[in-house]
Amino acid sequence: MNSALTENQRLLALRDQHIPRGIATAHPVVAARADGTELWDVDGKRYLDFVGGIGVLNVGHNHPRVVEAVRRQVGEISHASFQVVAYEAYIQVAARLNKLVGGDEHYKSVLFTSGAEAVENAIKIARGHTHRPAVISFRGGFHGRTLLGVTLTGMSQPYKQNFGPFPAEIYHTTYPNAYRGVSSEDALAELDALFATDVAPDRVAAIIIEPVQGDGGFLAAPKAFLQALRQRCTEHGIVLILDEIQAGFGRTGTMFGFQHADIQPDLVTVAKSLAGGMPLSAVVGRAEIMDAPTPGGLGGTYGGNAVACAAALAVMDLFEEQDLLAQGEQLATQLRDGLLALQKRYSCIGDVRGLGFMQAIEIVAPDSRQSPDTALAQKIIDEARYAGLLVIKCGVYRNVVRFLAPLITTQAQVAEALQMLDKALAAASV
């Protein structure tokens, strides 16, 4: 009987035996190899990967420059821990991040391993600088799966489950959502009410926000909203933290999402596409804020691993040399136009939205409220996989299908993906 199993089925059975159910896998696929925007499973089926390791592979799978940088670094020094001895790759990454985020201002960077680590340490730094306890985040925001990360995250399921009690002094307020009728003015009024009723602004260490909510549904914060947040933070001495973990490194058409709003954040968290698939994250911020923790207050054994730093330097070289931002914008136009054309044909697509090559469709029911249709969104995702396209869901109600293809995707691959999505929509709508 077992001889009839495919290799995917055999390995997935082992997965169920050896790995806890708490770590979900979006697709019943076991990958064997990948290149650029394409991925092949262990049975030889080819997919267009419009997930990219969840926004990690803006330069694509196994980019030759990243692969060579990793190979070279492994042959020199793979790990020493920056807390024991310094090494040049860490210093170079920090210097380049400081320039990318801070421009001519004095910024400093500290490196970690995951996005959640970056968020946790950004909060530590903000509290250390302000000597205040409270932090404000936004409903629908996602900031990681650590205990503080899920507390900051503005979604209850599946992230919070029965994992409490949660850290204190974390407050949530509303994020703008034009499709659901929540304007910037509405969101700002709620923030001001929060100041008046729940926590005085002089007790708030930081406000943390994604310029485009990733897991929350690809909602872009309006320019006026981010500018108003900047003004309020400046007025009250609050540290403004921009979580650029998913939106950063060219995903929105600029290097960082906050740059669309012409504001300067105090701290920025980066990870995902920083290092082309290697685990690396950072907090980048104003020097006077970053220097608030005393020696020993920041760190992590693997933070700023030398191999990951080498990969990050290769990624930053690629952005400088190959004009990936412009290439991403061309692809964004093609993808958005294609999604809008599909919206005209399929009434279940309630909204097409995003910024740059960070695009999504919201799947809704045929009622007057355009209620979220979670089941149909999942059916579309499954049908897309059958057609050869990998995508995943997001949104508070998990009814949004998001597209995170690498910036090196070809126009022919975008066109092919749209054809596959068309086929999936047709099959799911039956």
Side-chain angles (χ1 to χ4, degrees), residues 34-39 48-70 89 92-93 95-103 109 115 210-212 214 218 220 242 244-261 268-282 284 308-338 354-360 390 402-418:
D35 179 58
T37 306
E38 297 177 316
L39 179 148
L48 284 177
D49 183 4
F50 271 48
V51 183
I54 314 182
V56 168
L57 299 166
N58 285 358
V59 300
H61 286 279
N62 300 335
H63 194 288
R65 293 279 291 277
V66 175
V67 171
E68 176 55 33
V70 166
Q92 288 181 346
V93 169
R96 292 179 73 169
L97 286 173
N98 295 337
K99 183 68 175 178
L100 285 171
V101 173
S109 293
E210 297 168 277
V212 182
F218 279 34
L242 265 292
E244 293 275 356
I245 290 166
Q246 190 162 157
F249 284 88
R251 177 53 50 184
T252 68
T254 54
M255 200 63 176
F256 301 103
F258 73 81
Q259 293 169 331
H260 290 280
V268 173
T269 58
V270 295
K272 289 194 181 287
S273 278
L274 166 60
M278 294 292 103
L280 186 68
S281 65
V284 189
C309 285
L313 292 172
V315 167
M316 288 186 271
D317 286 344
L318 287 168
F319 272 95
E320 287 183 4
E321 297 168 12
Q322 298 191 6
D323 205 9
L324 293 180
L325 295 179
Q327 185 170 335
E329 280 295 88
Q330 291 179 345
L331 296 172
T333 299
Q334 181 187 4
L335 177 60
R336 182 170 178 81
D337 287 348
L355 198 59
F357 205 31
M358 190 173 182
Q359 296 288 319
L390 296 179
R402 54 177 153 170
F403 306 93
L404 287 166
L407 303 180
I408 52 85
T409 302
T410 67
Q411 292 183 337
Q413 287 171 329
V414 172
E416 185 183 5
L418 287 166

Between [X] (side chain only) and [Y] (backbone N and O only), is there a donor and an acceptor less than 3.5 Å apart?
X	Y	answer
H63	I408	no
Q413	L48	no
S109	L97	no
N58	S273	no
Q327	L407	yes
N62	V67	no
Q246	K272	no
D35	E38	no

Check whether any side-chain heavy atom of [X] sits under 4.5 Å from a side-chain heavy atom of [Y], and report yes or no.
X	Y	value
H61	P406	no
M316	V93	yes
F50	R402	no

Working note: V59 + R65, criterion side chain to side chain contact (heavy atoms under 4.5 Å, CB included); need CA distance, chi angles, decisive distance, verdict. CA-CA 10 Å; V59 300; R65 293 279 291 277; over 6 Å; no
On a heavy-atom basis, which atom in [X] and which in [Y] lie closest, and how many Å separate them?
X	Y	value
V51	D49	N-OD1, 2.9 Å
A311	V70	CB-CG2, 4.0 Å
P211	L242	CD-CD1, 3.7 Å
A271	S281	CB-CB, 3.6 Å
G250	F319	CA-CE2, 4.0 Å
L404	G55	CD1-N, 3.6 Å

State the [atom1]-[atom2] distance between [X] and [Y], to the nearest 0.5 angstrom.
X	Y	atom1	atom2	value
L324	L331	CG	CG	10.0 Å
T254	F249	OG1	CZ	12.0 Å
F403	T409	CZ	OG1	12.5 Å
E320	L100	CD	CG	7.0 Å
F357	T333	CZ	OG1	10.0 Å
D323	L318	CG	CG	12.0 Å

Evaluate side chain to side chain contact (heavy atoms under 4.5 Å, CB included) for L355 paired with F218, printing each intermediate quantity in order. CA-CA 8 Å; L355 198 59; F218 279 34; over 6 Å; no
Considering residues, nucleotides and ligands other than I54, do more than 12 of their heavy atoms fall under 6.0 Å from its CD1? no
